[in-house]
Number of protein chains: 2
Amino acid sequence: MKGQDVILGVLLEAPMSGYDIKHYFEKHFPDMFVASFGTIYPTLNRMEKEGLIEKEIVLQEGKPNKNIYHITEIGKEAFHAYIQSPIEPKTIKYDFMMRLVFGRYVSQQQLLEWLKQELHQLKEDLVKLRSQDEDPCDCYCDCQKLALRFGIAIQQAGVTELENIIDEFENFGQKETAF
Amino acid sequence: MKGQDVILGVLLEAPMSGYDIKHYFEKHFPDMFVASFGTIYPTLNRMEKEGLIEKEIVLQEGKPNKNIYHITEIGKEAFHAYIQSPIEPKTIKYDFMMRLVFGRYVSQQQLLEWLKQELHQLKEDLVKLRSQDEDPCDCYCDCQKLALRFGIAIQQAGVTELENIIDEFENFGQKETAF
DNA sequence: AACCACATGTAAGCAGTTACATGATTTT
DNA sequence: AAAATCATGTAACTGCTTACATGTGGTT
C-alpha cells in the first residue's frame, strides 16, 4: 500500500484536488495513512503522466486555481491490482512505546510526563474518531463503519490502559523515588 | 526515532552483533519498530565511523565470525540527545484497515477472508507478547513490563473487536448476499 | 537434495520528508 | 500587524527496502 493506491481509492469515490485529498486523508484515515503535500503533488503529477488520472483545472475567484483529478479506466485497473494483492503487514513506528522500553534511563517525572502526554494524544484522536462515527454527513458504507469501529476499539483500549497505568504510577510508583 | 536511536538503546543494555540486534528487535519490539539487515549493517558501519560504537571481532568455529559492538561515551551522549528530544507522533501504515475502508469494492467473501486473516495475525502476535510477558528469562525492568502491558491491552482489544465483527458478519452479513 | 540457521555485507532504487517559494484572502 | 486558510509546486535529502553475493554446518 503506497500513496498511489490510497489516492486512487479516494478518487474512486469522488474527483478531488491534491489539497482536498490531504484533508480527506486526515479526516477519514487518521492512524491508517499519513501523507504530506510533498508526497501528494508529485505523486499526482506522475500518475497523470501515466494516465491513471486526468486533470481538470477549475478557476476560482479570490482563491488559487484548483487541479481537480478524476480517475481513468487505467487508474481503476491499477486500483483493482492493489485491492487484489495480498494484504501487507502493518508497519508501526511508535516512539512513545520505545520511550517506555527505555524508561529506566530517564527520571520518574519524565516518564509520568510522557504517559500523560500520550494519554492526551490518544484521547484527542478518540474524540475525532467518535465524532466521525456519529456524523451523518459522511455517508459511510458498512465497511467504513467497520473500520471506524475497529479503530475506536483499539484506541479506547489504549486510553483505558494508560489511565490505569498513570493511576498506579501516581499512587505507588512515585513514592519509591520520593522516599 | 530512527534505527540508530534504537540500536544505541539496545547496545546500552548489552554488547551485540548486527545479527543479534535484529533478533532482539523481533523479540522485544514487535509492533514498535522493524529493521532489516539492509538497514542494520550499514547503520552499524556508519555509527562505528562516527565513533558512537566500537567493534570487537569474535572468532567462532563452525560459524562465521561475529562483529560484537559496544557503545562508547559519544554513543551514550547521542542516545541521551534522542531520549530527551520530544516524542515523535506514531506513524502507522495499516493496509488491513485501508482494505476495510475500501471494502465496498470487493466481494463479501473477500472481506470475510481479510477479517479472518487479520484476526489470525493479531492472535499470533498476542501469543508472542503474552509469552514474553511470562518469560522470567528476560529480566525486564518495570518500564518494559509497562510497555508490554500497554501493547497487550491494545492487541487484545483488536482481537476481541475483530471476533465480534466476524461473528456478526457470518450471522447477518452473509445472508444479505446469499438471498 | 533441499532448506534453514548462522553471519555480514553491497548496490540500486524508492517512497517519502523537510524546507523552501509563491501569493491572494480571511480571520484574529 | 500577524497568522491562518486556500492552493500548488520543487529540490535536496534520508531512511529504508529489495535483491544479490558469500559460505559453513545442521536439519528434514
Side-chain angles (χ1 to χ4, degrees), chain A residues 1-8 15-27 29 32-50 52-53 55-69 78 82 85-86 88-93 95 98, chain B residues 1-8 15-27 29 32-50 52-53 55-69 78 82 85-86 88-93 95 98:
Chain A
M1 175 192 52
K2 33 194 160 175
Q4 176 178 306
D5 303 318
V6 192
I7 289 174
L8 287 174
M16 262 183 247
S17 70
Y19 195 83
D20 296 335
I21 288 170
K22 179 154 192 264
H23 290 288
Y24 191 97
F25 281 177
E26 279 163 9
K27 189 173 184 197
F29 311 144
M32 266 185 264
F33 192 81
V34 193
S36 61
F37 287 126
T39 311
I40 292 171
Y41 290 125
T43 303
L44 284 170
N45 286 327
R46 198 207 66 224
M47 286 165 74
E48 198 200 356
K49 273 182 208 152
E50 291 173 3
L52 303 170
I53 54 176
K55 178 162 62 180
E56 187 199 341
I57 298 168
V58 176
L59 303 166
Q60 297 188 121
E61 278 178 52
K63 288 181 195 174
N65 296 340
K66 265 191 173 197
N67 299 345
I68 301 289
Y69 293 94
Y82 155 65
S85 70
E88 288 167 36
K90 74 163 170 274
T91 52
I92 310 189
K93 247 178 79 177
D95 197 15
M98 269 300 167
Chain B
M1 176 193 50
K2 34 195 159 172
Q4 177 178 306
D5 303 317
V6 191
I7 288 174
L8 287 174
M16 261 182 247
S17 70
Y19 195 84
D20 296 335
I21 289 171
K22 180 156 190 264
H23 290 288
Y24 191 97
F25 282 178
E26 278 162 10
K27 188 173 184 196
F29 311 144
M32 265 185 264
F33 192 82
V34 194
S36 61
F37 287 127
T39 312
I40 292 171
Y41 290 125
T43 303
L44 284 171
N45 287 326
R46 199 208 64 225
M47 286 166 72
E48 199 200 355
K49 273 183 207 152
E50 291 173 2
L52 303 170
I53 54 175
K55 178 162 63 180
E56 188 200 340
I57 298 168
V58 176
L59 303 166
Q60 297 187 122
E61 277 179 53
K63 289 180 193 174
N65 296 340
K66 267 191 172 195
N67 298 345
I68 301 289
Y69 294 94
Y82 155 66
S85 70
E88 288 166 36
K90 75 163 171 272
T91 53
I92 309 187
K93 248 177 77 176
D95 197 16
M98 269 301 168

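Each chain gets a letter, A, B and so on, in the order the sequences are listed, and its residues count up from 1. Please read all numbers here as calculations on a predicted model, not as lab measurements.
An OP1 or OP2 oxygen of dG15(D) is reached within less than 4.0 angstrom by a side-chain nitrogen or oxygen of Lys2(B). Proximity of Ser17(A) to the phosphate of dT8(D): a side-chain N or O atom is located under 4.0 Å from OP1 or OP2. For the pair Gln60(A) and dA7(D), the criterion of a side-chain N or O lying under 4.0 Å from OP1 or OP2 is met. A close approach under 4.0 Å does occur between a side-chain nitrogen or oxygen of Thr39(A) and OP1 or OP2 of dT17(C). Residue Lys63(A) places none of its side-chain N or O atoms closer than 4.0 Å to OP1 or OP2 of dT25(C). The side chain of Ser36(A) contributes an N or O atom lying less than 4.0 Å from OP1 or OP2 of dT17(C). When the side-chain nitrogen and oxygen atoms of Asn65(B) are compared with OP1 and OP2 of dC6(C), none of them lie within a distance under 4.0 Å.
Mapping Asp20(B) and Lys93(B) onto DNA chain C by nearest heavy atom places Asp20(B) closer to the 5' end of the strand. Comparing Gly62(A) and Pro64(B) against DNA chain C, the residue whose closest nucleotide sits nearer the 5' end is Pro64(B).
At whole-Å resolution of the value, CE in Met47(A) and P in dC14(C) are 17 Å apart. Atom pair Tyr41(B):OH and dT18(D):P shows a separation of 17 Å (rounding to whole Å applied). Between Asn45(A) atom CG and dA11(D) atom P the separation is 12 Å, expressed in whole Å. In this structure, Gln4(A) atom CD and dC14(C) atom P are separated by 13 Å, rounded to whole Å. Taking atom CG of residue Asn67(A) and atom C1' of nucleotide dC6(D), one finds them 13 Å apart after rounding to whole Å. What separates CZ of Phe37(A) from P of dG23(C) is a distance of 19 Å, to the nearest Å. Rounded to an integer number of Å, the gap from Tyr19(A) OH to dA4(D) P is 13 Å. In this structure, CZ of Arg46(A) is placed 10 Å from C1' of dA15(C), rounded to the nearest angstrom.
Between Tyr69(A) and Met47(A), the closest side-chain pair of non-hydrogen atoms is not below 4.5 Å. Within the 4.5 Å cutoff, the side chain of Ser36(B) has heavy atoms near those of the Thr39(B) side chain.
Checked by atom type and distance alone, the side chain of Lys22(B) never pairs as donor or acceptor with a backbone atom of Phe37(B) at under 3.5 Å.
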Which is it for Asp20(A) and Lys66(A) under the side-chain contact (heavy atoms from CB on, under 4.5 Å) test, yes or no, and what are the steps along the way?
CA-CA 10 Å; Asp20(A) 296 335; Lys66(A) 265 191 173 197; 3.3 Å; yes

Taking it one step at a time, do Asp95(A) and Met98(A) satisfy side-chain contact (heavy atoms from CB on, under 4.5 Å)?
CA-CA 5 Å; Asp95(A) 197 15; Met98(A) 269 300 167; 4.3 Å; yes

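In the set dC6(D), dG9(C), dG9(D), the nucleotide with an atom closest to the side chain of Tyr69(B) is dG9(C). When the nucleotides dT18(D), dC6(D), dG9(D) are ranked by their closest atom to the side chain of Lys55(A), dG9(D) comes out on top.
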